[in-house]
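Only a predicted model underlies this, so the values are computations on that prediction, with no experimental measurement involved.
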Amino acid sequence: MRDRFWVVAALSLLVVTSASAEDEAVIDSFELSDAQALVTACTVPEGNPLAATANGFCLGYMTGAIQLYAAAAASPNVENQLCPGRVVSRSEMRRIFLDWAAAHPERLDEPAIDGLARAAVAAFPCT
């Protein structure tokens, strides 16, 4: 069992140390320094060895943000900022965010959650 641990650890180190510049950008995006990092994490192509991890990270972030907003919106002390009128899936929210990001590159240096919120408000404004 112990030998297996060291083999897995050595292989993991090899993968990390042989990462390409593109892979390094993906790994760095997991820190979510800004909205651009979220775009990077959400757009890793399927052929990339980090695609499954990045996709899970992206969708997990979308899930957390959607659940946080739903919890806040349920409070009588919080005014709704967006009104989808239905449940929005995390995959749909990813598409909405990426479309918004493509249309607003000047805002990609803002925090990731701000970009996601701006995208949601633009897609589902309250009247």
Side-chain angles (χ1 to χ4, degrees):
M1 183 74 161
R2 183 179 244 180
D3 291 336
R4 184 176 175 175
F5 168 79
W6 289 112
V7 169
V8 170
L11 288 174
S12 297
L13 182 60
L14 179 62
V15 168
V16 171
T17 57
S18 65
S20 69
E22 180 181 322
D23 291 347
E24 289 294 329
V26 172
I27 292 166
D28 289 347
S29 75
F30 297 154
E31 294 180 22
L32 284 184
S33 56
D34 53 27
Q36 178 60 59
L38 185 56
V39 169
T40 300
C42 292
T43 58
V44 176
E46 282 194 34
N48 186 299
L50 295 171
T53 301
N55 185 54
F57 179 84
C58 172
L59 293 177
Y61 190 81
M62 298 294 159
T63 300
I66 289 167
Q67 289 179 354
L68 177 63
Y69 182 79
S75 170
N77 299 323
V78 176
E79 182 179 336
N80 280 343
Q81 298 295 311
L82 57 113
C83 301
R86 61 182 170 76
V87 174
V88 178
S89 74
R90 59 192 187 161
S91 294
E92 181 181 9
M93 195 62 236
R94 174 177 51 191
R95 183 187 50 74
I96 289 167
F97 169 72
L98 292 174
D99 289 348
W100 173 88
H104 299 282
E106 74 281 0
R107 295 206 173 264
L108 296 182
D109 62 340
E110 296 177 358
I113 194 64
D114 290 356
L116 187 58
R118 288 180 190 282
V121 170
F124 307 109
C126 296
T127 54

Would you say CD of Glu46 has more than 12 non-hydrogen atoms from neighbouring residues, nucleotides or ligands within 6.0 angstrom? no

Hits for side-chain contact (heavy atoms from CB on, under 4.5 Å) against Ala123, two or more places apart or cross-chain, chain-then-number order -> Ile96

Checking Asp99 now: which residues fulfil salt bridge (Lys or Arg N to Asp or Glu O under 4.0 Å) with it, not counting sequence neighbours? Arg95

Quick one: list whatever passes side-chain contact (heavy atoms from CB on, under 4.5 Å) with Ser33, sequence neighbours left out. Ala37

How long is the gap from CG on Asn55 to CZ on Arg94, to the nearest 0.5 Å? 4.5 Å

Do Met93 and Leu116 come close enough that some side-chain heavy atom pair is under 4.5 Å? yes

Looking at Pro45 and Ala51, what are the two nearest heavy atoms and their distance? O-CB, 3.3 Å

Selection residues 104-124 - residue pairs positive for ring-ring contact (aromatic ring centres under 6.0 Å, His included), sequence neighbours left out: Trp100-His104

Residue set satisfying side-chain contact (heavy atoms from CB on, under 4.5 Å) with Leu68, at least two apart, ordered chain then number -> none

Salt bridge (Lys or Arg N to Asp or Glu O under 4.0 Å) pairs touching residues 56-74, sequence neighbours excluded, are none

Of the non-hydrogen atoms in Cys58 and Ala41, which two are nearest, and what is the gap between them? CB-O, 4.1 Å

Contacts of Ala117 that satisfy side-chain contact (heavy atoms from CB on, under 4.5 Å) - sequence neighbours left out: none

Contacts of type ring pair (Phe, Tyr, Trp, His ring centres under 6.0 Å), residue Tyr69, not counting sequence neighbours: none

Within-4.5 Å side-chain heavy-atom neighbours: Val88 and Arg86: yes

Test side chain to side chain donor-acceptor pair (under 3.5 Å) applied to Asp34 - qualifying residues, sequence neighbours left out: none

Atom pairs and distances, side-chain donor-acceptor, residues 73-81, under 3.5 Å, sequence neighbours left out:
from: Ser75; atom 1: OG; to: Asn77; atom 2: N; distance (Å): 3.1
from: Gln81; atom 1: NE2; to: Glu79; atom 2: O; distance (Å): 3.4

Just jot down the salt bridge (Lys or Arg N to Asp or Glu O under 4.0 Å) partners of Arg118, sequence neighbours excluded, or say none. Glu110

Say you draw a straight line from CG of Leu32 to OG1 of Thr40; how long is it, rounded to the nearest 0.5 Å? 10.0 Å

Please examine the side chains of Val87 and Glu92, heavy atoms only from C-beta on, and report whether any two atoms are closer than 4.5 Å. no

Which heavy atom of Ile66 sits nearest a heavy atom of Arg90, and at what distance? CD1-CA, 4.0 Å

Applying ring-ring contact (aromatic ring centres under 6.0 Å, His included), which residue pairs with at least one partner in residues 44-63 are found, sequence neighbours left out? Phe30-Phe57

